[in-house]
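Here's the structure we're looking at; comments come further down.
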Amino acid sequence: MIHEERKMEWFRDAKFGVFVHWGIYSVRGISESWSFYNNYINHENYMSQLNGFTASAYDATQWAALIEASGAKYSVITSKHHDGVSLWPSSAPRAITAVKDAAAKSDLLSPFVKALREKELKVGIYYSLPDWSHPDYDVFTRYRKRYELKDDATRWNRFIRYQQQQLRELGAAYHPDLMWFDGDWEHSDAEWRAPVIASILREENPDIVINSRLGSYGDYDTPEQGVPIVRPQASYWELCYTINDSWGYQPFDRKYKSANMLIRTLVDCIAMGGNLLLDIGPKADGSIPQEQVDVLKAIGKWTKKHQHAIYGTRAGLEGLDFNGRNALSKDGKTLYLYWEKHGVKNMAIRGLASRVLEAYVVSESNRPIAFKQEGGRLLLELPEHDEDEDVTVVALQLEEAARTVAADAMGQWPDEPIESIASEERANLQIDELIYRLNGGNNLLDQSGLTIDGLDFNISQISGISENSRFFEWIKKHAEALYKTGRALPKGHYNGYSALSADKMTLFLFVEGMPTGPIALKGLKNTVQRVRIVGEGSMIDYGLYNKLYWSNVPGLVYIDIPKDRLDNSMTVIAILLDKPLELYRESIQVIDDNK
């Protein structure tokens with residue numbers, strides 16, 4: 001156990017890596033290997049791409065410099081995908097290589113590994129266990145098999161010798177820090193000789209880190225494409241995630257995620273104690289598309305500024321009530337709060353039991369900020385000029401290792417009327433308290449006489465609130481979202497408060513301040529019918545990202561709210577659903593089929 005923790009330390013601290021899918025599929029810009037497996041193109045035509053795989057603009061030093069600039073601490077490159085084309089000069093029998101068979105006529109793996117080492121970045125090598133082009137492998141395409149293992153053990157053993165030779169070559173030549181396997185679903189651990197594979201790799205590097213796609217012999221889990229909703233159970237995990245919707249270069253895939261979206265996904269991973277492995281796909285000549293370069297550089301701007309709140313952090317406090325994400329330093333005495341809004345002067349955090357000694361915005365100056373801690377609630381006064389354009393990070397220095405107040409100790413105020421919050425001095429804090437309780441299932445307005453349209457609402461019966469108060473006016477404007485609504489989204493789906501209509505067909509999202517980018521809704525199984533702004537009627541557009549046809553994981557709904565329609569206190573978005581709310585909270589799995 002001690003050895004495992006020691007060897008995994010660099011991986012756990014790294015938080016961010018860059019995946020590189022590069023192979024002959026980039027010549028035509030078609031799906032890597034799967035395009036011939038699924039008979040979208042026959043094998044002969046697919047392999048003819050070897051003639052166009054020139055790598056004429058390939059500069060491994062520039063690749064490594066870009067990866068370093070992004071803030072990534074490691075990189076994983078495809079040495080061989082399922083199509084069997086090896087980027088290094090493999091001498092294994094019947095190996096297809098970039099040196100011998102492609103127009104590049106050169107070893108493409110060695111320069112990149114060397115460039116990563118020079119940048120002191122950890123080296124990861126992707127290797128496909130299946131090899132659909134090798135004549136001794138049993139599977140050829142979805143519709144063709146070469147043979148059954150039970151009928152031709154000699155042929156299968158010949159393939160295993162080929163595979164083991166390739167793995168020995170990779171271990172001896174490159175001494176990878178990490179081995180990223182893929183395709184293990186096609187055979188059992190015993191058929192792959194998984195223990196032997198692990199032993200071969202550890203002969204060269206006893207501390208090598210192996211992903212979970214070597215059956216039960218891996219060190220960490222690899223959820224694919226879907227941002228986890230709930231924290232994965234594995235001690236070590238890594239989300240592998242594409243920069244658009246494709247692993248390799250596909251010129252017609254323009255569904256690029258913005259740097260803002262990806263920074264927030266990185267924050268999701270950090271807060272849940274995992275890593276983000278962000279994939280890029282170079283072109284056949286070895287150049288990286290400008291869109292991908294721009295995104296990596298923009299991410300690098302954020303990672304450079306917030307290094308202490310990224311690398312070496314640990315998963316955040318699950319019992320903290322906060323409309324954002326959080327993570328902890330290794331000793332647990334620094335709590336990092338990740339905030340995706342602008343213009344919110346007062347940030348409320350509930351449930352923190354540890355005493356705060358100091359609070360500051362993480363930046364070049366680490367400017368201190370004012371705070372007030374009372375019982376289980378902490379109020380922070382956010383300085384406007386220190387806000388980050390993507391995600392602002394606030395650090396709290398604590399007297400002891402962070403701990404939360406038990407939920408029952410915090411109280412859910414089930415029996416307290418709306419008068420209990422009417423004494424708040426500032427309307428935005430009254431609204432925050434009202435919606436916080438609604439989010440927890442306690443609608444303080446149920447007995448207030450509120451109507452669904454806000455008309456004829458008599459505020460006079462609520463002591464401490466006048467009819468010309470901003471609090472009262474906000475309630476009237478947003479009555480639809482407050483009338484007989486109840487608990488909606490558990491944690492993980494949205495960084496904010498939410499409510500659900502009585503018929504469970506309309507989801508209300510409460511938005512503080514000005515979001516730095518489109519607000520994100522995760523794990524929604526429903527189809528969205530329309531999105532509008534409550535209280536003023538505007539229909540607004542939304543985008544669905546990472547909804548991949550071969551995965552049952554819902555895509556991410558991103559809603560861009562026009563800045564001139566934001567409410568000064570709190571904006572409310574209504575999402576009309578096709579059926580009663582249904583949420584995805586399963587673990588994100590490995591994708592083992594791509595039709």
Side-chain angles (χ1 to χ4, degrees), residues 225-229 241 244-245 254-268 323-325 338-344 387 389-392 431 435 438-439 474 477-478 480-482 485 488-501 504-548 553-584:
Q225 288 290 50
V227 181
I229 306 301
Y241 200 59
N244 50 10
D245 280 348
R254 310 303 303 168
K255 200 102 185 229
Y256 280 101
K257 304 171 187 80
S258 68
N260 176 276
M261 293 175 181
L262 292 168
I263 289 167
R264 289 155 58 194
T265 297
L266 172 59
V267 167
D268 280 345
N323 286 338
R325 290 292 198 172
Y338 305 88
W339 186 245
E340 303 169 2
K341 311 288 191 331
H342 288 166
V344 179
E387 291 174 329
E389 63 180 311
D390 293 303
V391 178
T392 301
I431 294 167
I435 303 308
L438 173 59
N439 184 78
W474 186 88
K477 178 181 176 182
H478 300 94
E480 176 199 359
L482 307 172
T485 53
L489 302 174
K491 285 188 175 181
H493 294 276
Y494 168 62
N495 286 339
Y497 301 133
S498 62
L500 190 63
S501 62
K504 304 186 187 307
M505 296 283 288
T506 302
L507 176 64
F508 298 102
L509 303 181
F510 298 91
V511 184
E512 299 170 277
M514 180 187 297
T516 62
I519 61 171
L521 178 60
K522 308 178 186 76
L524 184 66
K525 288 185 177 180
N526 301 76
T527 298
V528 174
Q529 303 294 323
R530 59 171 47 173
V531 181
R532 57 187 169 80
I533 302 174
V534 172
E536 61 98 85
S538 297
M539 299 293 174
I540 57 177
D541 201 6
Y542 69 95
L544 185 63
Y545 284 76
N546 246 66
K547 180 62 194 99
L548 306 175
V553 179
L556 277 75
V557 177
Y558 281 103
I559 303 168
D560 205 351
I561 307 171
K563 290 182 173 55
D564 63 348
R565 299 303 173 94
L566 292 167
D567 187 89
N568 289 331
S569 296
M570 188 179 290
T571 307
V572 185
I573 301 300
I575 302 174
L576 180 63
L577 307 173
D578 62 326
K579 59 184 178 180
L581 178 67
E582 188 176 357
L583 298 173
Y584 182 99

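The figures that follow rest on heavy atoms only: side chains count, while hydrogens, waters and symmetry mates do not.
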Leu577 side chain reached by Thr506 side chain, heavy atoms, under 4.5 Å: no
4.5 Å side-chain heavy-atom contact, Leu521 and Leu507: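 Yes, at least one pair of side-chain atoms sits under 4.5 Å.
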Reported [atom1]-to-[atom2] distance for the pair [X] and [Y], which is rounded to 0.5 angstrom:
X: Leu544; Y: Thr527; atom1: CG; atom2: OG1; result: 9.0 Å
X: Tyr542; Y: Ile519; atom1: OH; atom2: CD1; result: 13.5 Å
X: Lys563; Y: His342; atom1: NZ; atom2: NE2; result: 9.0 Å
X: Arg530; Y: Met539; atom1: CZ; atom2: CE; result: 4.0 Å
X: Tyr584; Y: Ile229; atom1: OH; atom2: CD1; result: 8.5 Å
X: Asp245; Y: Tyr256; atom1: CG; atom2: OH; result: 10.5 Å

Return the minimal non-hydrogen interatomic distance between [X] and [Y], and the atom names on each side.
X: Pro490; Y: Leu583; result: CD-CD1, 3.6 Å
X: Ile431; Y: Ser569; result: CD1-CB, 3.5 Å
X: Pro518; Y: Met261; result: CG-CE, 3.9 Å
X: Ile573; Y: Val534; result: C-CG2, 4.3 Å
X: Ala481; Y: Ala499; result: O-CB, 4.2 Å
X: Asp578; Y: Gln529; result: CB-NE2, 2.8 Å

Side chain to side chain contact (heavy atoms under 4.5 Å, CB included) partner of Pro515, chosen from Asp560, Leu566, Ile559, Thr571: Leu566
Option from Leu500, Thr485, Leu482 for which side chain to side chain contact (heavy atoms under 4.5 Å, CB included) with Phe508 holds: Thr485
Any donor-acceptor pair under 3.5 Å from [X] side chain to [Y] backbone:
X: Asn439; Y: Ser498; result: yes
X: Trp339; Y: Gly324; result: no
X: Tyr494; Y: Asn323; result: no
X: His493; Y: Leu489; result: no
X: Asn526; Y: Glu582; result: yes
X: Glu387; Y: Gly343; result: yes

Tell me whether [X] is salt-bridged to [Y], with the criterion being a basic N under 4.0 Å from an acidic carboxylate O.
X: Asp390; Y: Arg264; result: no
X: Asp268; Y: Lys522; result: yes
X: Arg532; Y: Glu480; result: yes

Heavy atoms from other residues, nucleotides or ligands near NZ of Lys491 exceed 12 (cutoff 6.0 Å): yes
For Thr516, side-chain hydrogen bond (donor to acceptor under 3.5 Å, both in side chains) partners two or more places apart: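 Partners of Thr516 by the side-chain hydrogen bond (donor to acceptor under 3.5 Å, both in side chains) criterion, ordered by chain and then number, come out as Asn260.
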Ser538: side-chain hydrogen bond (donor to acceptor under 3.5 Å, both in side chains) partners, not counting sequence neighbours: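 Counting only residues at least two positions away or on another chain, Ser538 forms a side-chain hydrogen bond (donor to acceptor under 3.5 Å, both in side chains) with Glu536, Arg565.
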CA sep, side-chain torsions, deciding dist, call: Asp567, Lys477, salt bridge (Lys or Arg N to Asp or Glu O under 4.0 Å): CA-CA 10 Å; Asp567 187 89; Lys477 178 181 176 182; 2.8 Å; yes
Tyr545 six-ring face occupied by Lys257 cation (under 6.0 Å, within 45°): no
